[in-house]
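None of these values were measured; they are calculated from a predicted model.
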Amino acid sequence: MRLNQNTLLLGKKVVLVPYTSEHVPRYHEWMKSEELQRLTASEPLTLEQEYAMQRSWQEDADKCTFIVLDAEKWQAQPGATEESCMVGDVNLFLTDLEDPTLGEIEVMIAEPSCRGKGLGTEAVLAMLSYGVTTLGLTKFEAKIGQGNEPSIRMFQKLHFEQVATSSVFQEVTLRLTVSESEHQWLLEQTSHVEEKPYRDGSAEPC
C-alpha cells in the first residue's frame, strides 16, 4: 500500500522495507521452490507476472507488504544491496469489508539458513505493532498449513489462539485480539524497533 512505501522499520535482527521492483528478481527465485509454494499456497509466476504483482501490491489499499532483510548483514556491509540481504516477507491483508479493524497476517522466511533464529518472530511483532499504531487494527488472524508446526508454534508464542481448523484447505486459523494488556505487551516487545524514512531503495544502512 502507498501508506508504507516510505517507511523502514529497523529492529535488532530484521529490517522491514517496502516491497519495490528492486526486490522482485530475488523474490521470484524464492517462489520457484516447491516447498515455499506449498507452505504459502502459491502458484509459480513468470518474472513479468511477479513485477505486475509487486506494482499492484504497492497500489492496493488492502495489502501492506514489507520485505524482511537480515539486519546484521545489512548493517555490516555498507552499500550492500537490499536484494542481497533479503530473507523473506511479512504481509497484512485488510480484506474484511465488514470489519476494518481486522488484518490477516502472514510471514515467510524464505532463506533456509535464516530460519529458527527469531527473524520471523521479530518481523511479525514489528508488523503487529505497525498494524495497531498506524493502521488502527485491533484483531489479527493467521492462516497456516496444518503441517507447518514451526509457524503455528511461533504464532502461539505471540499470544495467538487457534480458533478454527479447515480440513478442506488443511489449515488452521489463529487469532489475536489486542486488548489493552496485549497492546502494552506488544509495545514492550517492539520498544527497540525504530521507524525511519525510506526512499525507494536509497535507504543506507545506519
Side-chain angles (χ1 to χ4, degrees), residues 1-31 36 39-40 42 50-51 53-75 80-95 102-111 114-115 117-137 140-144 151 154-155 158 176 178 186-187 189-206:
M1 58 169 56
R2 286 191 172 277
L3 187 64
N4 77 312
Q5 66 180 359
N6 290 320
T7 300
L8 177 150
L9 300 176
L10 176 63
K12 292 177 181 176
K13 296 183 177 183
V14 300
V15 183
L16 304 188
V17 297
Y19 184 29
T20 72
S21 58
E22 173 191 348
H23 307 120
V24 172
R26 181 80 173 271
Y27 193 90
H28 179 64
E29 286 301 312
W30 283 342
M31 298 315 295
L36 289 179
L39 290 174
T40 60
S42 302
E50 206 75 74
Y51 275 111
M53 183 75 75
Q54 180 271 324
R55 287 192 296 272
S56 74
W57 283 38
Q58 191 172 34
E59 298 292 332
D60 288 354
D62 61 357
K63 300 182 183 71
C64 183
T65 300
F66 284 100
I67 291 293
V68 182
L69 308 181
D70 181 330
E72 183 179 3
K73 189 175 181 181
W74 187 72
Q75 292 181 303
T81 65
E82 290 178 7
E83 188 180 1
S84 69
C85 301
M86 288 169 61
V87 298
D89 69 340
V90 61
N91 308 294
L92 274 174
F93 301 101
L94 315 176
T95 52
L102 172 65
E104 182 180 335
I105 189 166
E106 64 177 29
V107 65
M108 174 182 72
I109 300 300
E111 292 293 331
C114 296
R115 295 174 189 162
K117 297 182 177 180
L119 278 71
T121 297
E122 188 178 57
V124 169
L125 281 168
M127 189 58 131
L128 292 174
S129 180
Y130 184 81
V132 170
T133 57
T134 303
L135 304 179
L137 304 181
F140 297 91
E141 284 187 350
K143 295 179 180 178
I144 305 168
S151 187
M154 181 194 73
F155 276 97
L158 300 180
L176 171 67
V178 184
L186 189 57
L187 291 177
Q189 298 301 308
T190 56
S191 61
H192 63 284
V193 176
E194 297 179 65
E195 183 171 329
K196 294 174 173 287
Y198 177 85
R199 294 291 180 268
D200 194 17
S202 62
E204 292 294 332
C206 303

Notebook entry, point to check: Between CG of N4 and OG1 of T65, what distance do you get to the nearest 0.5 Å?
Noted result: 7.0 Å
Next item on the list: State, yes or no, whether a side-chain contact exists between E194 and L9 at a heavy-atom distance under 4.5 Å.
Entry: no
Margin query: Any non-hydrogen side-chain atom of L92 less than 4.5 Å from a side-chain atom of F140?
Written below: yes
Item checked: From K13 atom NZ to H192 atom NE2, the distance as rounded to the nearest 0.5 Å -> 9.0 Å
Next item on the list: Report the distance from atom SG of C85 to atom CD of E72, rounding to the nearest 0.5 Å.
Entry: 10.5 Å
Note to self: With heavy-atom distances below 4.5 Å as the criterion, would you say the side chains of E59 and Q5 are in contact?
What the structure shows: no
Check: Do the side chains of V90 and F66 get nearer than 4.5 Å, heavy atoms only?
Finding: yes
Item checked: Passing candidate, side-chain contact (heavy atoms from CB on, under 4.5 Å) with V124, options L158, V14, V68 -> L158
Notebook entry, point to check: Do we see a donor-acceptor contact under 3.5 Å between the side chains of H23 and E82?
Noted result: yes
Item checked: Pairwise side-chain contact, E104 with K143, heavy-atom cut-off 4.5 Å (strictly under) -> yes
Checklist line | Interatomic distance, N6 atom CG to Y198 atom OH [nearest 0.5 angstrom] | finding: 9.5 Å
Next item on the list: Of all the heavy-atom pairs spanning Y51 and P25, show the shortest one and how long it is.
Entry: OH-CG, 3.6 Å
Note to self: Show the nearest heavy-atom pair for residues E122 and K12, with the distance to one decimal.
What the structure shows: OE2-N, 2.9 Å
Next item on the list: Considering non-hydrogen atoms only, spot the tightest contact between L8 and P197 and give its length.
Entry: CB-O, 4.4 Å
Next item on the list: Quick one: do Q54 and H28 satisfy side chain to side chain donor-acceptor pair (under 3.5 Å)? Show the steps, please.
Entry: CA-CA 11 Å; Q54 180 271 324; H28 179 64; over 6 Å; no
Notebook entry, point to check: For A61 and M1, which heavy atoms make the closest approach, and how far apart are they?
Noted result: O-CE, 3.1 Å
Checklist line | Closest approach of A123 to V107 (non-hydrogen atoms, all atoms of both residues) | finding: CB-CG2, 4.4 Å
Item checked: Contact summary for I144 and S151, nearest pair of heavy atoms -> CD1-OG, 3.7 Å
Next item on the list: Could you tell me whether a side-chain N or O of R115 sits under 3.5 Å from a main-chain N or O of A110, the two making a donor and an acceptor?
Entry: yes
Next item on the list: First locate atom SG of C64, then atom CH2 of W57, and finally report the distance between them rounded to the nearest 0.5 Å.
Entry: 10.5 Å
Check: Do E141 and L102 come close enough that some side-chain heavy atom pair is under 4.5 Å?
Finding: yes
Check: Taking the six-membered ring for Trp, are Y19 and Y27 parallel (under 30°), tilted (30 to 60°) or perpendicular (over 60°)?
Finding: tilted
Margin query: With heavy-atom distances below 4.5 Å as the criterion, would you say the side chains of W30 and D89 are in contact?
Written below: no
Next item on the list: To the nearest 0.5 angstrom, please state how far the OG atom of S191 sits from the CG atom of L186.
Entry: 10.5 Å
Note to self: Checking D62 against T95: is there a side-chain donor and acceptor pair closer than 3.5 Å?
What the structure shows: no
Item checked: R26 with E111: basic N within carboxylate O range, under 4.0 Å -> yes
Item checked: Non-hydrogen side-chain atoms of V193 and L10 separated by less than 4.5 Å -> no
Compile the donor-acceptor pairs under 3.5 Å between side chains in residues 126-135 and protein atoms, sequence neighbours left out, one pair per line.
residue: S129; atom: OG; partner: T190; partner atom: OG1; Å: 3.4
residue: T133; atom: OG1; partner: S129; partner atom: O; Å: 2.8

Next item on the list: For the pair D60 (side chain) and K63 (backbone), establish whether a donor and an acceptor sit closer than 3.5 Å, ignoring hydrogens and angles.
Entry: no
